[in-house]
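One structure below.
Whatever order the structure lists them in is the order used to number ligands and atoms, beginning at 1. One-based numbering along the sequence shown.
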Amino acid sequence: MEQISCAKVFDGEHRQYQHQSSELHCQMRFAVYLPPAALEAEKNGDTVPVLYWLSGLTCTDENFMQKAGAFRVAAELGIAIVAPDTSPRGEGVPDDENGAYDFGLGAGFYLNATQAPWSTHYHMYDYIVDELPELIEENLPISSVKSISGHSMGGHGALTIGLKNQSAYCSISAFSPICNPMNCPWGQKAFGLYLGNNQADWQAYDASVLLAKEKANLPILVDQGDADNFLVEQLKPQALVEAAQQSGSDIILRMQPGYDHSYYFIQSFIEDHLRFHAESLV
Ligand SMILES: N[C@@H](CCC(=O)N[C@@H](CS)C(=O)NCC(=O)O)C(=O)O
């Protein structure tokens, strides 16, 4: 992998890297925040734990890093943050035929597509679960002790990836996640095109279906603004709460009055999420 930027921030470093992805068959970029403890660890061959952040529709590796205001607390806690892109990129990677924001480029939905022409490149699930952590752990002072978080489509990604790989992650959190994609327009469009029309195949990527089936054995925190324009039609946190009740899982859902879907909301509560993950990242 090749380093393409570096900036000092809160005594740590924000860096961007690019690499050729074998899962996605294209060049990918990701960003990492290394807290001061990681820079110290880098000198001694040690590692620090990490939070993987999955962004939402239209985002790249930049949105969270530039807008969430997460570095001061990550520096204090000694937690690295890795922010990947939200889809495969580049010439030859197919996009929505109308360039829509909710499918194709910038909208990989953290799944493995099975349908042509998407199935060649759109393997974001395997990229996040396997390829990216392997690359990170091999090349950076970052350990396999990891948690996962995300926003909106990335909240869906964090919940589904965390629930399907409970032994690999210490904790899960999400801001404004798409909780029941099988039953909302964003999810139905993406799953229909990436996975085909058989809805039985969609269940493996629906957080509410997964949580209803199996009790979660790791801590889960969800924050949702009640002034979020997407809340009723797309996000459906109540489905997640009902699923948790069905399997006897403990999840914390906090409805936050007056907050919308934006990074202003994320910036307001990211400290809580980092401290929540720090309790499990040991
Ligand atoms: N109305 C938006 C919908 C997309 C959207 O709200 N994206 C959220 C995630 S679902 C986001 O994080 N956008 C980028 C940002 O705010 O930096 C658009 O058309 O771009």
Side-chain angles (χ1 to χ4, degrees), residues 5 9 14 16 28-33 51-71 81-89 95-111 122 124-125 128 148-162 172-191 193-194 205-208 221-237 239-240 253 255-256 258-270 272-274:
S5 79
V9 48
H14 174 272
Q16 286 170 300
M28 291 296 285
R29 193 174 71 187
F30 66 86
V32 57
Y33 177 64
L51 179 67
Y52 284 84
W53 172 269
L54 306 183
S55 287
L57 294 167
T58 75
C59 292
T60 66
D61 65 298
E62 293 183 344
N63 302 67
F64 177 84
M65 294 308 206
Q66 294 178 358
K67 294 181 170 179
F71 301 145
I81 302 174
V82 172
D85 205 341
T86 54
S87 76
R89 300 278 178 181
D95 192 10
D96 182 276
E97 59 185 2
N98 301 313
Y101 77 93
D102 58 0
F103 184 75
L105 298 181
F109 273 83
Y110 305 102
L111 50 71
Y122 284 79
M124 287 300 288
Y125 180 86
I128 301 296
I148 191 159
S149 183
H151 173 226
S152 195
M153 174 185 75
H156 140 77
L159 288 165
T160 52
I161 286 173
I172 305 172
S173 80
F175 289 84
S176 337
I178 305 171
C179 292
N180 190 194
M182 295 184 66
N183 288 317
C184 79
W186 279 341
Q188 287 165 345
K189 176 179 177 182
F191 286 11
L193 290 165
Y194 288 135
Y205 296 108
D206 187 298
S208 295
L221 169 65
V222 175
D223 268 319
Q224 173 63 57
D226 77 359
D228 183 330
N229 286 339
F230 298 117
L231 173 55
V232 176
E233 192 187 12
Q234 305 281 9
L235 305 177
K236 303 186 189 289
L240 196 68
L253 168 68
M255 293 303 296
Q256 302 289 6
Y259 287 91
D260 66 13
H261 196 65
S262 70
Y263 269 88
Y264 296 115
F265 172 48
I266 295 170
Q267 190 178 130
S268 303
F269 295 100
I270 191 65
D272 289 3
H273 285 239
L274 289 165

Item to complete: Answer whether the closest heavy-atom distance between the side chains of T86 and Y110 falls below 4.5 Å.
Response: yes
Response to the item:
Quick note on ligand 1: atoms under 4.0 Å from a heavy atom of S152 include exactly 10 (S)
Worksheet, complete the sentence: Near H261 (heavy-atom distance under 4.0 Å), the atoms of ligand 1 are 6 (O), 10 (S)
Worksheet item: Which ligand 1 atoms, with their elements, are less than 4.0 angstrom from a heavy-atom of G56?
Response: 9 (C)
Practice prompt. Using the side-chain contact (heavy atoms from CB on, under 4.5 Å) rule, pick out the option among L159, T160, V82, I161 that qualifies with L54.
Written response: I161
Response to the item:
Closest non-hydrogen contact found for G69 with I270 is O-CG2, 4.0 Å
Worksheet item: Which ligand 1 atoms are under 4.0 Å away from a heavy-atom of K67?
Response: 15 (C), 16 (O), 17 (O)
Practice prompt. List every atom of ligand 1 that sits less than 4.0 Å from any heavy atom of T58, numbering the atoms from 1 in the order shown and giving each element.
Written response: 4 (C), 7 (N), 13 (N), 14 (C), 20 (O)
Worksheet entry | Geometric N/O contact Y263 with ligand 1, under 3.5 angstrom | no
Worksheet entry | F175/F269 aromatic ring centres below 6.0 Å | no
Fill in: Side-chain donor/acceptor of H261 to backbone N/O of S176, under 3.5 Å
no
Worksheet item: What residues, two or more places apart in sequence or in another chain, satisfy ring-ring contact (aromatic ring centres under 6.0 Å, His included) together with Y122?
Response: W118, Y194
Worksheet item: Are H151 and ligand 1 in contact, using a heavy-atom cut-off of under 4.0 Å?
Response: yes
Worksheet, complete the sentence: When distances are taken from atom 3 (C) of ligand 1, the protein heavy atom at minimum range is Y101 CE1, 3.5 Å
Discussion item. Out of L235, N229, L57, who is nearest to atom 9 (C) of ligand 1 when you count heavy atoms only?
Written reply: L57
Worksheet item: Is the backbone of W186 close enough, under 3.5 Å, to the side chain of Q234 for a donor and an acceptor to pair up by distance?
Response: yes
Worksheet item: Is the gap between the ring centers of F265 and H151 under 6.0 Å?
Response: no
Worksheet item: How far is atom 1 (N) of ligand 1 from its nearest protein heavy atom, and which residue and atom name does that atom have?
Response: F230 CZ, 4.4 Å
Discussion item. When you measure from atom 14 (C) of ligand 1 to the protein, is at least one non-hydrogen atom found at a distance under 4.0 Å?
Written reply: yes
Worksheet item: Can you find a non-hydrogen atom of C59 under 4.0 Å from ligand 1?
Response: yes
Discussion item. Salt bridge or not between D61 and R89? Use side-chain N to carboxylate O under 4.0 Å.
Written reply: no
Worksheet item: Which of the atoms in ligand 1, numbered in the order shown and given with their element, are less than 4.0 Å from a heavy-atom of N63?
Response: 14 (C), 15 (C), 17 (O)
